Amino acid sequence: ILWITGELGVGKSRLADEWLRHMEMNSVTILRGRFREDSAPMEGLREALSPLFDESKRKALHLPHNALQEDLVEDLKGVMEPTQEAPDSRQRSGQDWALATIEHTLYALAKRRPTVMLLEDLHWADSFSLRLVERWKEEMATRAIPLVLVFTQRSEKAHASHRPTHMNTRAIRAFNYAFDLHLERLADEESEALLDDLLPFEHELRARVVQTARGNPLYLTQIVRYLIEEELLELHQESARWGISEEHREKLGHELLPPDLRALLMQRVKVQLSQHRLSAVLDQLLVRGMLLGNRFELRLLKEMLKVEGRGDLEAYLDDALEAFTQSGVLIPTVIDGRSGLEFGYEMLRSSLLDEQPHEELARLHVLAANAKKTYYEQRDPTQLDLYAHELAHHWSESGDVERAFKWLMRAARAAERAQDFRQALDYLRQAGQRLSPELDPNGEHLLEIRLSEGRMFRFLGEFAPAEDALREAIEE
């Protein structure tokens, strides 16, 4: 087990990329997934393991057709893609069967070929995935197989509802099969060396950039990109180094560089979009993309434009996407085999959303909810509940409490089927916060919540809170 920790932008993913590139050259099977804020239960696991139960993706791994037994593949698919039908006897046995299924599949694969599985951004992982990681930490000592598990996680404090409080990275150092690699910020000398490799600066400018970046490689490279794009640099012939042009030199010690990475990214994007010939179109398309999530399928954006009746925006979509990708705002990606887009920086998306008028956002959230429901139902009605938490979010942000409650309850049931009982409890808590005498005059919804909470606590083996929830249900 290799655990890579560090703050945002310190180079966790880049380090993993370089290492995996060497592994691929040695015929190692690579499974890779990423957890995201407010993602569906097991999203990172599903992304990593989908090539094992999805025939179209399995071909990319060049696995033999019989690499895994069919019954094992079917069991894995049942865990990763639970349907809305009543669970069978194995699923009713709880998390243990699901955990064992994933383990057995991964171990069987590793016995056929050396395997590496990378799960990124574990700080956003659901409780089921965290329990699996915790179990691996204990099980790996008993397995003599060519399998490497790599996890990346931000060292700064995550959101309380996602914080893996039971994960202790220091504890794994006690095992000789587990390694904890913490990436620190660059020292000033290292930052200066990196700058010289990127673009040699004059001493005064180099010192200013190093001071502003504070050892964060991502921030440092973005500063260089910003200075180039804003045409603030000129080459000093006598030293063969770059410095600030004469007209901008007086700003060097003050407002030349934004104070942090968020402000820098915001400034870069705003300048680039405002200078584009389709700036008004870009602004409108960007807001709609932001509402769909940190990553979204291109067809989903087109569905939202169709629901809104904005054929005028769709006509310029190709030109807009080219502008977004060139500026680094959006990055082309593949989502379940379909063309998609992902925001280059999550902090950029959240900052831009914060600047939008509340009334307009509420209107667009309604459109996003309707577009997602239509799109996902058409694609696969049995998997709609995987996105129930997204629809609940849109209806909540639009101010429609009744629809938000409905989708939160569906999200809770989906999380239960996915064995993510902690997340189910969180959805039930959110649903309860939206109840009112008008929405629940007879107390039936509250009764359903309490009974569901009791069931979740029982599955988790927490019998005291389960008893409290069921007693409240009786009182209701």
Side-chain angles (χ1 to χ4, degrees), residues 4-18 154-156 182-277 279 282 286 322-331 342-352 354-355:
I4 306 176
T5 61
E7 66 179 67
L8 173 67
V10 80
K12 301 183 296 297
S13 294
R14 179 60 183 271
L15 175 63
D17 287 341
E18 293 297 326
R154 289 187 202 168
S155 53
E156 62 263 32
H182 180 70
L183 301 184
E184 302 283 357
R185 293 189 179 202
L186 300 177
D188 287 351
E189 297 79 10
E190 295 169 324
S191 295
E192 291 172 356
L194 177 57
L195 268 181
D196 286 341
D197 286 340
L198 294 173
L199 199 65
F201 284 161
E202 290 281 5
H203 175 74
E204 186 181 6
L205 177 58
R206 184 175 69 173
R208 172 64 173 152
V209 171
V210 169
Q211 178 187 14
T212 304
R214 297 186 293 278
N216 188 300
L218 174 60
Y219 192 9
L220 189 145
T221 55
Q222 288 297 317
I223 289 175
V224 174
R225 185 172 180 178
Y226 166 76
L227 292 173
I228 295 173
E229 291 176 348
E230 292 301 297
E231 300 180 350
L232 302 176
L233 301 174
E234 64 180 10
L235 180 63
H236 296 173
Q237 298 295 338
E238 62 279 6
S239 63
R241 287 181 171 272
W242 293 86
I244 298 298
S245 61
E246 192 66 35
E247 59 182 307
H248 297 105
R249 187 160 299 180
E250 69 279 2
K251 297 181 179 180
L252 178 58
H254 301 286
E255 69 271 21
L256 176 67
L257 297 178
D260 56 40
L261 181 58
R262 182 187 297 269
L264 174 63
L265 293 173
M266 287 285 290
Q267 186 164 327
R268 277 191 52 229
V269 168
K270 287 181 177 179
V271 170
Q272 289 177 332
L273 297 186
S274 65
Q275 294 175 347
H276 198 278
R277 62 183 179 86
S279 59
L282 295 181
L286 188 60
E322 182 179 358
F324 291 143
T325 53
Q326 287 180 350
S327 65
V329 177
L330 292 173
I331 301 173
E342 183 170 6
F343 279 86
Y345 308 99
E346 170 60 25
M347 66 173 68
L348 173 62
R349 172 177 170 262
S350 61
S351 297
L352 291 171
D354 290 340
E355 293 189 342

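Since the model is a prediction, treat every value here as computed from it, not as a measurement.
Note that OH of Tyr226 and OH of Tyr219 are 10.0 Å apart. Values are rounded to the nearest 0.5 Å. In this structure, CD1 on Ile244 lies 8.5 Å from CD on Glu234, to the nearest 0.5 angstrom. To the nearest 0.5 Å, atoms CD1 (Ile223) and CG (Leu195) are separated by 8.0 Å. Atom CD of residue Glu192 and atom CG of residue Asp196 lie 7.5 Å apart, to the nearest 0.5 angstrom. In this structure, OG1 on Thr221 lies 12.5 Å from CG on Leu199, to the nearest 0.5 angstrom. With rounding to the nearest 0.5 angstrom, the NZ atom of Lys12 is 6.5 Å from the CZ atom of Arg154.
Among all heavy-atom pairs drawn from Leu186 and Ser191, the shortest one is CB-OG, 3.5 Å. Between Phe343 and Leu286, the shortest heavy-atom contact is CE2-CD1, 3.8 Å. Gly9 approaches Pro217 most closely through the heavy-atom pair O-CD, 3.3 Å. Across all non-hydrogen atoms, the minimal contact from Pro200 to Ala240 is CG-O, 4.3 Å.
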Would Arg241 and Glu202 satisfy side-chain contact (heavy atoms from CB on, under 4.5 Å), going step by step from the backbone distance to the final call?
CA-CA 6 Å; Arg241 287 181 171 272; Glu202 290 281 5; 4.2 Å; yes
Would you sort out whether Leu205 and Trp242 count as a side-chain contact (heavy atoms from CB on, under 4.5 Å), showing the intermediate values?
CA-CA 8 Å; Leu205 177 58; Trp242 293 86; 5.6 Å; no
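Between Arg206 and Asp188, no side-chain nitrogen of the basic residue sits less than 4.0 Å from a carboxylate oxygen of the acidic one, so the salt-bridge criterion is not met. Under the 4.0 Å criterion applied to side-chain N and carboxylate O atoms, Glu18 and Arg14 are assigned as salt-bridge partners.
The closest side-chain heavy-atom distance from Thr5 to Leu183 is not below 4.5 Å.
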